[in-house]
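Numbers here are sequence positions counted from 1. Computed from a predicted model, the values in this text were never measured in an experiment.
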Amino acid sequence: MLVVVLTTEKMFDTRGKAVRDTWMDYANNKHPELGVHVVMAYDGKPTKDTEGVPMIPTFTTSYDDLYLKVIDVFETIRELYGDDYDYFMKADDDVFVHVDRLAARFSKVEVYNPAKSQVFGFRGPGDFMCWGGPGYLMSRQALREIYPHMVQCGKDFILPEDITIAWCFMRHSFNHHKKIWLGCQPLENNDHTGFCHIPPPQKENWALWDQPDKEFEVEGTWIKTWRFSTVLTMHAFKTELNTKPSMREYYNHFYNNDNH
């Protein structure tokens with residue numbers, strides 16, 4: 001699996017550094033045998049700080065134009081990596097990825113087949129797309145099908161990036177000729193709790209991070225059984241807001257205390 005972390009020149013030394021020092025280092029350096037490789041999509045100029053960081057180039061956009069950057073990133077990874085990976089994941093620099101859990105889930109070849117067009121993530125009530133915040137991933141076949149149409153999708157769907165990507169898939173993938181589209185899909189056993197978003201103001205939920213098996217409900221979602229012990233991704237760690245726990249504290253708790 002290839003995970004692409006979108007970061008910016010502005011955030012490279014704060015949010016980006018937190019990612020590089022924690023779960024990106026865990027994946028690329030400490031446990032490469034898991035088969036999860038992490039790169040950063042970076043819009044700045046190379047500096048001493050960027051040396052040695054696996055990166056792909058991209059450009060600067062506003063939040064309203066983020067869909068253009070995401071399309072550019074998916075085009076680039078298709079051109080650079082082709083079919084080298086079974087799955088391709090997009091994550092932001094305020095997301096923590098439990099790399100070991102992610103690898104374990106998608107190693108189940110009897111459940112997950114990268115030769116099928118599939119996109120996995122969190123699907124809100126009444127939504128058809130994967131929410132962009134906690135990250136989402138697509139199979140090798142899904143990226144192969146959508147790739148030739150991405151430029152046109154960027155012209156046709158001027159929307160938030162997660163909705164743009166979903167509409168692009170709706171038009172160009174998922175057995176389109178049969179008029180069938182499955183939308184953002186849950187994990188096996190209809191599990192919708194893999195990709196979690198907790199807004200920083202919901203401090204009562206964040207306060208449970210050191211009680212990982214305790215269930216909680218996130219406002220704005222329909223799921224009442226989130227657990228820190230089972231999520232694959234956790235969003236959002238805002239270094240500029242000094243949110244607690246920090247990404248480093250979270251990493252140390254789960255990966256230095258055998259609480260993976």
Side-chain angles (χ1 to χ4, degrees), residues 1-6 35-41 56-59 61 65-92 95 97 102-103 105-124 126-188 190-192 194-195 232-233:
M1 181 181 297
L2 180 72
V3 182
V4 182
V5 180
L6 270 65
V36 178
H37 183 59
V38 187
V39 301
M40 288 193 148
I56 59 174
T58 186
F59 52 82
T61 62
D65 294 333
L66 183 59
Y67 68 98
L68 293 173
K69 177 182 284 190
V70 173
I71 285 174
D72 175 68
V73 166
F74 277 125
E75 284 185 300
T76 300
I77 62 176
R78 174 63 188 169
E79 291 162 4
L80 288 177
Y81 300 103
D83 292 335
D84 292 350
Y85 294 92
D86 290 336
Y87 295 95
F88 298 88
M89 180 175 177
K90 173 260 175 187
D92 293 330
V95 174
V97 177
L102 188 70
R105 276 292 182 105
F106 283 88
S107 67
K108 299 177 181 179
V109 295
E110 72 280 7
V111 178
Y112 300 103
N113 183 355
K116 292 182 179 180
S117 286
Q118 296 177 317
V119 178
F120 298 94
F122 178 72
R123 182 175 181 167
D127 290 338
F128 60 91
M129 81 288 185
C130 295
W131 285 12
Y136 53 87
L137 59 92
M138 63 181 72
S139 65
R140 179 179 64 237
Q141 179 61 22
L143 181 57
R144 181 187 294 161
E145 291 182 10
I146 199 176
Y147 168 73
H149 311 285
M150 283 189 154
V151 172
Q152 189 60 46
C153 288
K155 298 175 182 178
D156 293 344
F157 307 117
I158 304 174
L159 298 161
E161 55 102 354
D162 43 11
I163 303 176
T164 293
I165 294 298
W167 274 105
C168 199
F169 273 116
M170 184 181 290
R171 177 170 292 181
H172 298 293
S173 187
F174 294 105
N175 298 312
H176 177 66
H177 62 289
K178 296 181 181 178
K179 307 297 183 184
I180 297 172
W181 189 68
L182 300 177
C184 182
Q185 296 176 59
L187 302 170
E188 77 269 23
N190 203 36
D191 180 6
H192 291 264
F195 302 81
L232 305 184
T233 71

Of all the heavy-atom pairs spanning Q141 and S117, show the shortest one and how long it is. CG-OG, 3.5 Å

Over 60° means perpendicular and under 30° means parallel, so classify the ring planes of W167 and F157, tilted if in between. parallel

If every non-hydrogen atom of F128 is compared with every non-hydrogen atom of A166, which pair is closest and at what distance? CE1-CB, 3.4 Å

To check you understand the geometry: which heavy-atom pair defines the closest contact between D162 and M129, and what is its length? O-CB, 3.7 Å

Between CZ of F122 and OG1 of T233, what distance do you get to the nearest 0.5 Å? 10.5 Å

Within-4.5 Å side-chain heavy-atom neighbours: Y112 and R105: yes

List the steps and the verdict of side-chain contact (heavy atoms from CB on, under 4.5 Å) for F106 and M89. CA-CA 12 Å; F106 283 88; M89 180 175 177; over 6 Å; no

Is Y136 close to I165 at the side-chain level, that is, under 4.5 Å between some pair of heavy atoms? yes

Taking the side chain as C-beta and beyond, is there a heavy-atom pair between T76 and T58 under 4.5 Å? no

CA sep, side-chain torsions, deciding dist, call: L232, L187, side-chain contact (heavy atoms from CB on, under 4.5 Å): CA-CA 11 Å; L232 305 184; L187 302 170; 3.7 Å; yes

If we only count heavy atoms from C-beta on, is the V5 to V97 side-chain gap below 4.5 Å? no

Quick one: are V73 and K90 in side-chain contact, heavy atoms under 4.5 Å? no

So CG of D191 and CD of E188: to nearest 0.5 Å the spacing works out to 7.0 Å

Taking only residues at least two apart or on different chains, which pairs with a member in residues 129-162 satisfy disulfide (SG to SG under 2.5 Å)? C130-C184, C153-C168

Look at the side chain of S139 and the backbone N and O of Q118, then say whether any donor-acceptor pair between them is shorter than 3.5 Å. yes

Between F74 and M138, the two heavy atoms sitting closest are CZ-CE, 3.5 Å

Hey, what do you get for CG (L80) to CG (L2), rounding to the nearest 0.5 Å? 9.5 Å

With side chains defined as the heavy atoms from C-beta onward, is the minimum distance between H149 and R171 less than 4.5 Å? no

Kindly say whether the aromatic ring centers of Y81 and F88 come within a distance under 6.0 Å. no

Taking all atoms of both residues into account, what is the closest heavy-atom pair of T61 and L66, and its distance? OG1-CA, 3.9 Å

From CA spacing to verdict: side chain to side chain donor-acceptor pair (under 3.5 Å), E79, Y147: CA-CA 9 Å; E79 291 162 4; Y147 168 73; 3.0 Å; yes

Quick one: are R78 and I146 in side-chain contact, heavy atoms under 4.5 Å? no

Any donor-acceptor pair under 3.5 Å from T164 side chain to L159 backbone: yes

The reported gap from CD1 in I77 to CG in D72 (rounded to nearest 0.5 angstrom) is 10.5 Å

Between atom CG of N113 and atom CD of E110, what is the distance when rounded to the nearest 0.5 Å? 11.0 Å

Distance-minimising heavy-atom pair for P114 and D86: CB-O, 3.3 Å

Does atom NZ (K116) have a neighbourhood of more than 12 heavy atoms from anything else shown, all under 6.0 Å? no

Check: L68 and F59 side chains under 4.5 Å, non-hydrogen atoms: yes

